[in-house]
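Written below as structure tokens is the structure these notes are about.
Computed from heavy atoms alone, side chains included, the values below leave out hydrogens, waters and symmetry copies. What you see is a predicted model, and the numbers here were worked out from it, not measured in a lab.
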Amino acid sequence: MTRVTRSHQQRAAELRRQLEEHNHRYYVLDAPSIPDAEYDRLFRELQALEAQHPELASADSPTQRVGGVALAAFAPVRHRLPMQSLNNCFSAEELDEFDRRVREGLGIEEAEYVAEPKLDGLAVSLVYERGCFVQGATRGDGETGEDITANLRTIRQIPLAFRESGNSVPELFEVRGEVYLPHKGFEKMNAEAAARGEKVFVNPRNAAAGSLRQLDPKMTASRPLAFYAYQHGFHRGWTPPRTHADVLAQLRAWGLPVSTLIETVRGAAGCLDYYRRMQARRAKLPFDIDGVVYKLNDLAGREELGSVSRAPRWAVAHKFPAEEAVTVLENIEFQVSRTGALNPVARLKPVFVGGANVSNATLHNMDEVARKDVRIGDTVVVRRAGDVIPEIKEVLPDRRPPHARHVQVPAHCPVCGARVEREADDVNPRCTNGMSCPAQLLGALLHFVQRRAMDIDGLGEKLLAQLIEQGLVRTPADIYKLGVEQLAGLERMGEKSAANVVAGIEKSKDTRLERFLYALGVPSVGEATARDLARHFGTLEELIGAAARDAAGEGDDSIKAKDRYAELRKVPDVGPVVAAHICHFFTEPQNLEAIQALRDAGIRWPAPKAAAGGALSGKTFVITGTLPGLGRDEASALIESHGGKVSGSVSSKTDYLLAGEAAGSKLAKAEKLGVAVIDLAGLREMLGGSG
Ligand code: IVH
């Protein structure tokens, strides 16, 4: 061990300053300025220096975040100022009430509030003595919490020391805020727990709580916790500014993370507007929030209003409606989809959840029913988040009544009575009746007429159901036989609307091959694949021919699985599973008859542009980034008009990547696969200066 010199001391101080700065940039500002490896190098240099000269060690050194030994228990910490809770409001009316009390209490016309996200984590108190983090505690009962300093030190977003901010540093300052677990960290933690065969956490809040209450700080350090500061607590040697917004700005300047979602708003109307915007953003945020908090901005006004029973009069939490509720599952029924799949649907005792009354929830498929062990009569947790379809999250087995019973997949279709079959590799049992099943027919027709398919105006679900019931429509082609007289005879249909529907039907006859292919409802062929098929084959005859040739190889055992459906798989983005579906659809005699009937009814599309012989004939392009002065669609049209094809994703089948400005992952992939990359000038050159 060598003697500590002044230069050692200076170097250690300099390293700590640099490391704290990089820490702040990385964890608080989300804007790192040096590579990780460089940070590691500085860190190791400081570690080595401190190991060589133990007298250099200091509690606020970044090397000391994870230190000390495991505790036997947490020591109690008495809060210098109680940690209060918030009153809740659940509606615009209750918010108005709160705002009215604030205005009347202060005798003002309009109040200014700071609106903040209400993070769903754990409240903590951080005490800084002359800018150094000395003690951290849980909220506990509000009066006394637990000393979790060692655990909080492991959270990189919590500065061990204030950044110099020009202002003098208070003698004592308490920061209050929330420790939470971002979704990514939660998923990572649970994946790791599952891999070790351990129990997973039910939600990020529980996982954060469990992580903070670890007696060994090394455990806490391994959990990806995060922190936001939202409030000041006790202080000595500090003059508070005039407003809460100023306090938050000061916290930021000291290096504490403060949410960028926080805004200053005016009156109850401003609060409500903020609430609605946060609710809309909620699902996309990287962490859970369970509502928003409004706080009077003016600190003097806060003093004047004071508190009632452990909650301030100057703040309120506006909670989002609960996304989960408990109810009884009264029955499980089966809905028949357009492809014949029997989808289990839960019929529930109506319950208010996610801001609406819910009496049906999806159970997805029978595998899901088995996995969750859902039985009729069970008490279940229903989840409805945002605009998503309500679903059964879980069963509460402790509340299962003795008469609860399993559901059986019916042997016959609940709509048409035909036999139900389940193929080995299919999660869904299916009705075997095809278009002869009214439910499948209705599903198929709704798909057929939709805007992105044949685009027939005026043919809605109610009308189609009537047409099916009356036996007027048995196949999609029957739609084209409908006349004004037949339609006008139906419920809620006059001459005029009937004429409109007929005109809509007539107009839809002029279409494009890709729309027609999509309208057919080939399993696993969406709009993008339909477009790729149309571009690749150019004509329906070519496509049907390729399907027939691929089908001929199906029974040939000498062909390896990876070489099957070779012709269909030449289409960009078509893999073996999709190719099999396409092949089966276009070789099934019933389907070919239905297609012929539609063509006989007058459905037509333009012939493919003279592709062969074009400068780009046989070449597949992918477009990425922004092209100077040329939209995506225009670029596609340009390529296609010269015989080229345009695909959505880069693969080994791609010949050229046409890259514009700000090209991203596609460019990287193309470079990795050795695909030629060209710009717009390069493309024009290939076209011989034309286009
Ligand atoms: S302020 C006196 N602001 O909500 C004011 N709390 O029921 C005290 N919370 O225990 C809290 N986000 O855990 C405040 N932006 C925020 C908050 C927030 C979440 C939690 C906190 C507190 C509880 C109040």
Begin with the C-alpha distance, continue with both residues' side-chain angles, and end with the deciding distance and a verdict on side-chain contact (heavy atoms from CB on, under 4.5 Å) for Glu192 and Arg196.
-> CA-CA 6 Å; Glu192 286 168 5; Arg196 286 192 301 266; 4.0 Å; yes
Side chain to side chain contact (heavy atoms under 4.5 Å, CB included) with Phe586: of Ile544, Leu568, Asn591, only one passes, and it is Ile544
Are the charged groups of Lys645 and Asp573 less than 4.0 angstrom apart, N to O?
-> no
Is the shortest distance from a Lys or Arg side-chain nitrogen in Lys184 or Glu187 to a carboxylate oxygen in the other one below 4.0 Å?
-> no
Thinking salt bridges, do Asp378 and Lys372 make one under a 4.0 Å N-O criterion?
-> no
Pairing residues for Val381 by the side chain to side chain contact (heavy atoms under 4.5 Å, CB included) criterion, not counting sequence neighbours = Glu324, Val326, Lys393, Glu394, Leu396
From SG (Cys431) to CZ (Phe334), nearest 0.5 Å = 13.5 Å
Residue list, ring pair (Phe, Tyr, Trp, His ring centres under 6.0 Å) with His581, at least two apart or on another chain | none
With Glu640, the salt bridge (charged side-chain N to carboxylate O under 4.0 Å, His left out) member among Arg531, Lys619, Arg535 | Arg535
Nearest heavy-atom pair of Ala498 and Met493: which atoms, and what distance?
-> N-SD, 3.9 Å
Separation between CD1 of Ile639 and CG of Leu687, rounded to the nearest 0.5 Å | 8.5 Å
Carboxylate-amine/guanidinium contact Glu567 Lys570, below 4.0 Å = no
Taken to the nearest 0.5 Å, the spacing of Phe621 CZ from Met686 CE works out to 4.0 Å
Can you pull the side-chain hydrogen bond (donor to acceptor under 3.5 Å, both in side chains) pairs that have at least one residue in residues 331-348, sequence neighbours excluded?
-> Glu333-Arg347, Ser337-Thr339, Thr339-Arg430, Arg347-Asn360
